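Structure, as structure tokens:
Letters A, B, ... are given to chains in the order of the sequence lines, protein chains preceding strands, and every chain is numbered from 1. Keep in mind it's a predicted model, so treat the numbers as computed, not measured.
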Amino acid sequence: MTNDPPPADVDGYASRVLDVVDAIPPGRVMSYGDIAEYLGEGGPRQVGRVMALWGGGVAWWRVIHSDGTPAQGHERRALERYRDEKTPMRSVRDPVRVDMRRARWPD
DNA sequence: GCAATGACTGGTA
DNA sequence: TTACCAGCCATTG
């Protein structure tokens with residue numbers, strides 16, 4: 001087989017981050033810092049870097065800031081997903097922000 | 001080796 | 001609520 005080079009040929013750390021993101025169930029979210037803490041290594045900046053480079057292969061919209069705002073530069077795209085996944089939003093007051101109190105995962 | 005940058009976070013005003 | 005700041009860690013010039 002022509003060992004086709006999948007985007008999974010990234011660093012082990014990136015693979016772990018992508019694996020955690022892929023484990024987030026629909027309707028739930030995790031913050032960059034949560035993922036870093038969940039893995040026990042790196043930091044929110046590193047998770048953000050991984051998402052910026054290889055996040056296109058996972059549910060990147062389920063990875064947001066600690067305050068409930070989606071990834072910078074992809075807010076509109078994320079909103080469409082949240083509406084489709086029925087992610088708990090603060091809605092009405094702040095339609096661009098996720099209700100972390102309910103959507104945060106694991107919980 | 002140092003400075004700047006980035007899909008970040010928490011605290012204070 | 002927004003704004004500013006210091007801390008955080010890896011990559012890049």
Ignoring hydrogens, what is the shortest heavy-atom contact between [X] and [Y]? Give both atom names and the distance.
X	Y	result
A:G27	A:T87	CA-OG1, 3.8 Å
A:A36	A:P44	CB-N, 3.9 Å
A:A59	A:V21	O-CG1, 3.5 Å
A:Y82	A:W61	OH-O, 2.6 Å
A:L18	A:W54	CD2-O, 3.7 Å

Contact pattern, 5' to 3', of nucleotides 2-13 of chain B - B, S or - by protein heavy atom under 4.0 Å:
----BBBSS---
Could you note down all residue pairs passing salt bridge (charged side-chain N to carboxylate O under 4.0 Å, His left out) where residues 55-77 of chain A supplies at least one of them, sequence neighbours left out?
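Applying salt bridge (charged side-chain N to carboxylate O under 4.0 Å, His left out) to every pair that reaches into residues 55-77 of chain A, excluding sequence neighbours, yields A:R62-A:E85.
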Parallel under 30°, tilted from 30 to 60°, perpendicular over 60°: which one fits the rings of A:H65 and A:Y32?
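The arrangement is perpendicular - the two ring planes meet at more than 60°.
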Would you indicate what A:R97 reaches in the nucleic acid, counting non-hydrogen atoms under 4.0 angstrom: base, sugar-phosphate, or nothing?
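Sugar-phosphate contact only - A:R97 comes under 4.0 Å of backbone atoms but never of a base.
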Regarding A:R62, tell me which of base, sugar-phosphate or nothing describes its non-hydrogen contacts under 4.0 Å with the strands shown.
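Answer is nothing: A:R62 stays at 4.0 Å or more from every strand.
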Hey, which sits more toward the 5' end of DNA chain C by its nearest nucleotide, A:G42 or A:R90?
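Result: A:R90.
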Is a side-chain donor or acceptor of A:R28 paired with a backbone partner of A:R102 at a separation under 3.5 angstrom?
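At least one qualifying donor-acceptor pair exists.
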Using a heavy-atom cut-off of 4.0 Å to chain A, what are the terminal contacting nucleotides of DNA chain C, in 5' to 3' order?
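Using the under 4.0 Å cut-off, the span is C:dT1 to C:dT11.
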Quantified in whole Å, what is the P atom distance between nucleotide C:dG7 and nucleotide B:dA7?
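The answer is 22 Å between these two P atoms.
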